[in-house]
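Reading through the structure tokens given below for one structure.
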Amino acid sequence: MTTPTEFAPGLVIQGVTPPLNLRDYKLIAFDMDSTLINIECVDEIADAVGRKAEVAAITEAAMRGEITDYKDSLRRRVALLAGVTEQDLAHVYRARLQLNPGAAELVLACKAAGLKVLLVSGGFTYFSDRLRDRLALDFARSNQLEMVDGQLTGRMLDQAWGDICDGAMKRETLLSTCSLIGCHPSQAIAMGDGANDLEMMSVAGLSVAYRAKPKVRSQAKVAIDMGGLDRLLELFK
């Protein structure tokens, strides 16, 4: 990597030379929690059963990269969600989940330039599917919480592609989506904030850290430290 340069206040670049051309890219992949949206969904769900502090501590350690087994950390957190109701999930979506500033604007700009949009998350389908529909995203992949009689069991369901969407699966999803739409990974943009985003960011042509953990920020070609997601557009002509 080259030396990081402040391109504009709160917008740092390394290894790229603006202006870039958005039409040179074919795919943009977003992490969900704390990237596209303002919350860590698992922490807010845990709040419904009085376990937010316990779950948030595991989340924070995982995002900093201090817990290397993401699957294990997620299973531990989801186990603490047993008994949460569907109404609790709906409340989190309605009352706590917000798009991060500039999210809708960036998605619209990318779609207008012909890019496909992928949401790939270590979070949950309850939220990612709703965001996919709300923002008219092309693809979404995340983890499915098991629900029986309107309550979470504390487990997740296997899906056709595997068991848990961790860092390795995010990378695989980005690569398989590139293959599906007929583009090279160098024509992909990957945006994230936590350690489990590093693998997909490493194979994308343009890696973007949004208000990210230091480990992620230091490895990304673009770091947005202030302002909204749409600040990425400042690098494009």
Side-chain angles (χ1 to χ4, degrees), residues 29-85 88-101 103 119-131 140-147 152-157 159 162-171 173 190-201 208-220 223-225 229:
F30 290 96
D31 168 53
M32 182 170 70
D33 296 46
S34 299
T35 300
L36 192 68
I37 63 173
N38 65 322
I39 58 171
E40 292 287 335
C41 290
V42 67
D43 298 354
E44 300 306 320
I45 300 168
D47 200 23
V49 285
R51 291 176 170 161
K52 182 174 181 177
E54 197 175 347
V55 168
I58 303 172
T59 301
E60 180 65 18
M63 290 303 96
R64 285 196 304 260
E66 294 165 7
I67 297 176
T68 52
D69 188 339
Y70 180 82
K71 289 187 179 186
D72 177 62
S73 85
L74 187 60
R75 287 191 183 101
R76 281 164 54 193
R77 285 175 283 168
V78 169
L80 295 169
L81 306 181
V84 169
T85 67
D88 293 326
L89 296 179
H91 176 75
V92 171
Y93 182 75
R94 284 195 317 267
R96 300 197 179 183
L97 184 153
Q98 296 177 350
L99 294 174
N100 268 328
L119 179 58
V120 58
S121 170
F124 308 116
T125 55
Y126 185 91
F127 304 101
S128 63
D129 288 357
R130 284 164 173 76
L131 289 166
R141 174 172 288 178
S142 61
N143 303 303
Q144 188 170 356
L145 295 165
E146 183 181 58
M147 186 169 285
L152 298 185
T153 64
R155 294 184 295 272
M156 287 170 285
L157 297 171
Q159 298 179 72
D163 58 353
I164 289 177
C165 190
D166 60 355
M169 181 50 65
K170 286 187 174 191
R171 176 181 181 274
T173 303
M191 296 190 75
D193 72 294
N196 68 331
D197 298 313
L198 284 171
E199 290 190 59
M200 74 166 178
M201 290 168 70
V208 185
Y210 180 69
R211 302 194 179 199
K213 300 291 183 277
K215 183 176 179 180
V216 180
R217 189 182 178 281
S218 67
Q219 294 181 44
I224 301 171
D225 299 327
L229 289 161

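In this structure D43 satisfies the side-chain hydrogen bond (donor to acceptor under 3.5 Å, both in side chains) test together with T59, sequence neighbours excluded. In terms of the salt bridge (charged side-chain N to carboxylate O under 4.0 Å, His left out) criterion, E199 has no residue partners (sequence neighbours excluded). Listed by chain and number, the residues in a side chain to side chain contact (heavy atoms under 4.5 Å, CB included) with N196 are M63, Y70, K170 (sequence neighbours excluded). Residues passing the side-chain hydrogen bond (donor to acceptor under 3.5 Å, both in side chains) test with E66, sequence neighbours excluded: R64. T153 pairs by the side-chain hydrogen bond (donor to acceptor under 3.5 Å, both in side chains) definition with E146, not counting sequence neighbours. With sequence neighbours excluded, no residue satisfies side-chain hydrogen bond (donor to acceptor under 3.5 Å, both in side chains) with N100.
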- Item | Candidate pair L97 and E44, rule side-chain contact (heavy atoms from CB on, under 4.5 Å), full reasoning | CA-CA 9 Å; L97 184 153; E44 300 306 320; over 6 Å; no

- Task: Please step through side chain to side chain donor-acceptor pair (under 3.5 Å) for the pair E40 and S34, ending with a clear verdict.
- Result: CA-CA 6 Å; E40 292 287 335; S34 299; 2.8 Å; yes

- Message: Could you walk me through whether T125 and Q159 satisfy the side-chain contact (heavy atoms from CB on, under 4.5 Å) test, starting with their C-alpha distance in whole Å, then the side-chain angles of each, then the deciding distance to 0.1 Å, before giving a yes or no?
- Response: CA-CA 11 Å; T125 55; Q159 298 179 72; 4.3 Å; yes

- Mind running side-chain contact (heavy atoms from CB on, under 4.5 Å) on L152 and Y126 for me, showing each step along the way? CA-CA 12 Å; L152 298 185; Y126 185 91; over 6 Å; no

- Could you please spell out the steps behind the side-chain contact (heavy atoms from CB on, under 4.5 Å) verdict for D163 and R75? CA-CA 11 Å; D163 58 353; R75 287 191 183 101; 3.1 Å; yes

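Between atom CZ of residue R141 and atom CG of residue D129 there is a gap of 12.0 Å, rounded to the nearest 0.5 Å. Distance check, rounded to the nearest 0.5 Å: CZ of R211 to CG of N38 gives 11.0 Å. Rounded to the nearest 0.5 angstrom, M201 CE and D193 CG are separated by 9.0 Å. Distance CD/E54 to CZ/R77: 12.0 Å, rounded to 0.5 Å. Between the NZ atom in K71 and the CE atom in M169 there is a gap of 6.5 Å [rounded to 0.5 Å]. If you take CD1 on I37 and CD on Q98, they are separated by 10.5 Å, rounding to the nearest 0.5 Å.
Taking both residues in full, the closest heavy atoms of M156 and F124 are given as SD-CE2, 4.3 Å, listed atom of the first, atom of the second, then distance. What you find for I67 and S73 is that their closest heavy atoms are CG2-CB, 3.7 Å. Looking at every heavy atom in both residues, G122 comes nearest to N143 through O-ND2, 2.8 Å. Taking every heavy atom of both residues into account, D31 and G192 meet most closely at CB-CA, 3.9 Å. Taking each heavy atom of M191 and T35 in turn, the nearest pair found is O-CG2, 3.9 Å. Residues A195 and V216 share a closest heavy-atom pair of N-CG2, 3.7 Å.
Residues V49 and L80 fail the side-chain proximity criterion, which asks for heavy atoms closer than 4.5 Å. Contact annotation: the side chain of L131 approaches that of L99 to within less than 4.5 Å [non-hydrogen atoms, C-beta and beyond]. Here the side chains of L36 and Y210 are not in contact, with every heavy-atom distance at 4.5 Å or above.
With hydrogens and angles ignored, the 3.5 Å screen pairs a side-chain donor or acceptor of D88 with a backbone N or O of T85.
Applying side chain to side chain contact (heavy atoms under 4.5 Å, CB included) to V42 and the options D33, I58, L145, L81 leaves one that passes, L81.
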